[in-house]
Visitor: 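My questions will all concern the structure given below.
Computed from a predicted structure; not experimentally measured. Labels below follow one simple rule: chain letters A, B, ... track the order of the sequence lines, proteins then strands, and each chain is numbered from 1.
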2 protein chains.
Amino acid sequence: MIRAAMDLFDERGFEQTTAGDIAERAGVTERTFFRHFADKREVLFDGSKTMECTAHDAILAAPAGHSPLDAALAGMVAAGELLEDRREHAVRRSRIVAANPSLQERELLKLAGVVEVTAEALRIRGVSEPSAALAGHSAVTVFQVAFTRWVSAQQPLALTDCIAENAAALRALK
Amino acid sequence: MIRAAMDLFDERGFEQTTAGDIAERAGVTERTFFRHFADKREVLFDGSKTMECTAHDAILAAPAGHSPLDAALAGMVAAGELLEDRREHAVRRSRIVAANPSLQERELLKLAGVVEVTAEALRIRGVSEPSAALAGHSAVTVFQVAFTRWVSAQQPLALTDCIAENAAALRALK
DNA sequence: CTAGATGATGACAGTCGCTGACATCGCGTG
DNA sequence: CACGCGATGTCAGCGACTGTCATCATCTAG
């Protein structure tokens with residue numbers, strides 16, 4: 001169904017595609033579609049839970065000596081590695097999302113979720129407020145900016161490297 | 001209509017309030033409600049355009065010597081001053097938003113808009129990428145964390161001070 | 001091997017968010 | 001007074017989503 005949805009979104013756009021259309025192409029009924037996805041948008045955000053967990057675990061696994069920001073960034077790198085070998089798919093998906101505000105909303109909500117688990121993981125590491133929240137936000141910011149650059153790059157480059165570069169640029173801010 | 005909507009959201013919650021309910025209490029038709037607001041959620045985000053403009057102007061008006069981050073933060077302070085004397089309303093509104101994911105989505109989209117105009121204003125100031133984007137995100141992050149603290153504080157305190165404190169905490173991140 | 005439990009799906013009706021089209025009304029202008 | 005214009009009411013309709021019940025396959029206990 002995910003593949004059916006992405007194909008249709010590519011062909012006619014998100015708004016012009018009805019939930020029934022997706023279901024039909026996937027060979028099921030509309031009702032079944034909504035049993036698998038809470039709403040029509042969710043079909044594009046399947047892996048977000050996995051990303052959250054990956055980041056969370058990576059932050060807890062980071063060396064004890066890491067600063068809050070470094071630990072949080074380790075989480076972003078780990079999450080980024082999930083995408084590294086699926087750039088094709090990520091580019092396609094991000095183009096669809098960029099074309100529709102309601103999908104951007106959902107993307108932002110998912111990212112806010114990542115900020116939350118990141119901050120939570122930092123708190124478990126003993127980081128207190130407001131540093132945990134700020135570091136969580138900052139790490140996700142770096143991820144976001146790096147991701148944008150990664151998907152819009154002409155020649156392929158490593159997302160991990162983008163993250164490192166933007167992390168350095170963030171620290172360089174006065 | 002805005003007041004009618006907020007009252008109803010307080011009484012029964014956002015989901016349990018139909019667009020027709022709001023219109024009825026406001027003494028108009030559902031159709032006219034949708035002529036004034038693009039959708040049911042938008043009724044809670046009336047001042048967001050004003051905030052964007054205020055921030056944009058303040059950033060351009062910031063002293064030339066300010067660093068990108070300082071200029072962006074000046075924009076957040078200016079935006080924050082719009083709320084300073086309406087804390088009552090802000091608290092009520094933020095409680096409603098916090099209770100409903102789809103409202104959080106919309107809030108995040110509005111904040112993303114602020115990030116955009118902030119970055120754009122910085123670019124006009126001659127800041128290049130990725131610094132403009134990173135500083136824009138960072139400033140809004142500070143605003144967000146400061147706002148959260150401001151609305152949840154027991155004894156009233158100044159939003160401007162919250163912003164300053166969190167800006168300092170952000171810079172203290174290693 | 002059969003009866004019953006369990007989980008996924010189809011079928012269908014209904015609510016609500018939202019839109020387009022047309023009619024109406026109040027108001028200022030020439 | 002006639003006319004234009006902007007705001008509103010009315011109505012029909014689509015699509016997103018949900019609750020409910022029936023069906024069917026699979027699995028398990030006896």
Side-chain angles (χ1 to χ4, degrees), chain A residues 1-50 93 95-110 112-113, chain B residues 1-50 93-113:
Chain A
M1 301 174 82
I2 296 177
R3 193 158 37 242
M6 286 198 51
D7 290 346
L8 285 168
F9 294 164
D10 260 343
E11 293 171 19
R12 334 175 185 167
F14 177 78
E15 304 258 17
Q16 284 63 45
T17 304
T18 119
D21 292 340
I22 303 172
E24 185 182 4
R25 178 165 302 199
V28 295
T29 50
E30 184 182 333
R31 191 64 185 87
T32 307
F33 174 85
F34 284 115
R35 281 197 185 97
H36 287 269
F37 303 99
D39 60 60
K40 191 179 138 191
R41 290 174 277 170
E42 206 64 19
V43 73
L44 284 177
F45 299 88
D46 196 47
S48 74
K49 199 74 193 172
T50 308
R93 184 183 157 289
R95 200 177 49 233
I96 296 173
V97 171
N100 189 286
S102 81
L103 290 173
Q104 295 168 37
E105 283 190 342
R106 182 56 51 88
E107 178 119 297
L108 291 167
L109 191 67
K110 299 297 185 184
Chain B
M1 300 174 82
I2 297 177
R3 194 161 32 245
M6 285 197 53
D7 289 347
L8 284 167
F9 293 163
D10 260 345
E11 293 171 19
R12 334 174 184 167
F14 177 78
E15 305 258 16
Q16 283 64 45
T17 305
T18 174
D21 293 339
I22 303 172
E24 185 182 3
R25 178 165 304 198
V28 294
T29 297
E30 182 182 333
R31 191 64 183 88
T32 37
F33 174 84
F34 283 114
R35 277 198 260 261
H36 287 270
F37 303 99
D39 60 59
K40 191 178 136 191
R41 289 175 277 169
E42 206 65 16
V43 73
L44 284 177
F45 298 89
D46 197 47
S48 74
K49 199 75 192 171
T50 308
R93 184 183 157 288
S94 102
R95 199 177 49 231
I96 296 172
V97 171
N100 189 288
S102 82
L103 290 173
Q104 295 168 37
E105 283 190 340
R106 182 56 52 85
E107 178 120 297
L108 291 168
L109 191 67
K110 299 298 185 185
L111 285 169

Visitor: A:Met1 CE to C:dA8 C1': how many Å, rounded?
Guide: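 Result: 12 Å.
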Visitor: Using a cut-off of strictly less than 4.0 Å, decide whether B:His36 has a side-chain nitrogen or oxygen near OP1 or OP2 of D:dT8.
Guide: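 For B:His36, the contact criterion (side-chain N or O under 4.0 Å from OP1 or OP2 of D:dT8) is met.
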Visitor: So, taking the atom named CD1 in A:Ile2 and the one named CE in A:Met6, what distance separates them when rounded to the nearest 0.5 Å?
Guide: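 Here the rounded value is 9.5 Å.
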Visitor: For B:Arg106 and B:Lys40, run side-chain contact (heavy atoms from CB on, under 4.5 Å): C-alpha distance rounded to whole Å, both residues' side-chain angles, the deciding distance at 0.1 Å, then the answer.
Guide: CA-CA 11 Å; B:Arg106 182 56 52 85; B:Lys40 191 178 136 191; over 6 Å; no
Visitor: Under 4.0 Å between a side-chain N or O of B:Thr29 and OP1 or OP2 of D:dG9?
Guide: yes
Visitor: Enumerate the protein-to-nucleotides 18-20 of chain D contacts in which both atoms are nitrogen or oxygen and the separation is below 3.5 Å.
Guide:
{"from": "D:dG19", "atom 1": "N7", "to": "A:Arg31", "atom 2": "NH2", "distance (Å)": "3.0"}
{"from": "D:dG19", "atom 1": "O6", "to": "A:Arg31", "atom 2": "NE", "distance (Å)": "2.6"}

Visitor: Provide, to the nearest angstrom, the distance between the CD atom belonging to A:Glu24 and the P atom belonging to D:dA16.
Guide: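 Atom-to-atom, A:Glu24 to D:dA16, this comes out as 13 Å.
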Visitor: Quickly work out the A:Leu103 CG to D:dA16 P distance and round it to whole Å.
Guide: 12 Å
Visitor: Side chains of B:His36 and B:Val28, heavy atoms from C-beta outward: is any pair under 4.5 Å?
Guide: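 They are not in contact (no side-chain heavy atoms under 4.5 Å apart), so the answer is no.
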Visitor: Do A:Asp10 side-chain atoms and A:Asp7 backbone N/O form a donor-acceptor pair below 3.5 Å?
Guide: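 No, the answer is negative, given that no donor and acceptor are paired below the 3.5 Å cut-off.
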Visitor: Any heavy-atom pair between the side chains of B:Lys110 and B:Glu42 that's under 4.5 Å?
Guide: yes
Visitor: What nitrogen or oxygen pairs link the protein and nucleotides 23-25 of chain D at under 3.5 Å?
Guide:
none

Visitor: Could you tell me if the side chain of A:Phe45 sits less than 4.5 Å from the side chain of A:Leu109, heavy atoms only?
Guide: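 The answer is no, as the side chains (C-beta and beyond) never meet within the 4.5 Å cut-off.
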Visitor: For DNA chain C, which residues of residues 3-21 of chain A approach it to below 4.0 angstrom with any heavy atom?
Guide: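 None, since no heavy atom is under 4.0 Å.
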Visitor: Which is it for A:Phe9 and A:Leu44 under the side-chain contact (heavy atoms from CB on, under 4.5 Å) test, yes or no, and what are the steps along the way?
Guide: CA-CA 10 Å; A:Phe9 294 164; A:Leu44 284 177; 4.0 Å; yes
Visitor: Test side-chain contact (heavy atoms from CB on, under 4.5 Å) on B:Phe14 and B:Val97; report intermediate values, then the result.
Guide: CA-CA 9 Å; B:Phe14 177 78; B:Val97 171; over 6 Å; no
Visitor: State, to 0.1 Å, how close B:Ile22 and B:Ala4 come at their nearest heavy-atom pair, and which atoms those are.
Guide: O-CB, 4.1 Å
Visitor: In this structure, how many angstroms lie between the P atom of C:dG10 and the CZ atom of A:Phe33, rounded?
Guide: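 Checked: the CZ to P distance equals 13 Å.
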Visitor: Checking side-chain polar atoms at under 3.5 Å, does A:Thr29 have a donor or acceptor matched by the opposite partner on A:Thr32?
Guide: yes
Visitor: Quick one: CD1 on A:Ile96 to CZ on A:Arg93, what's the gap to the nearest 0.5 Å?
Guide: 8.5 Å
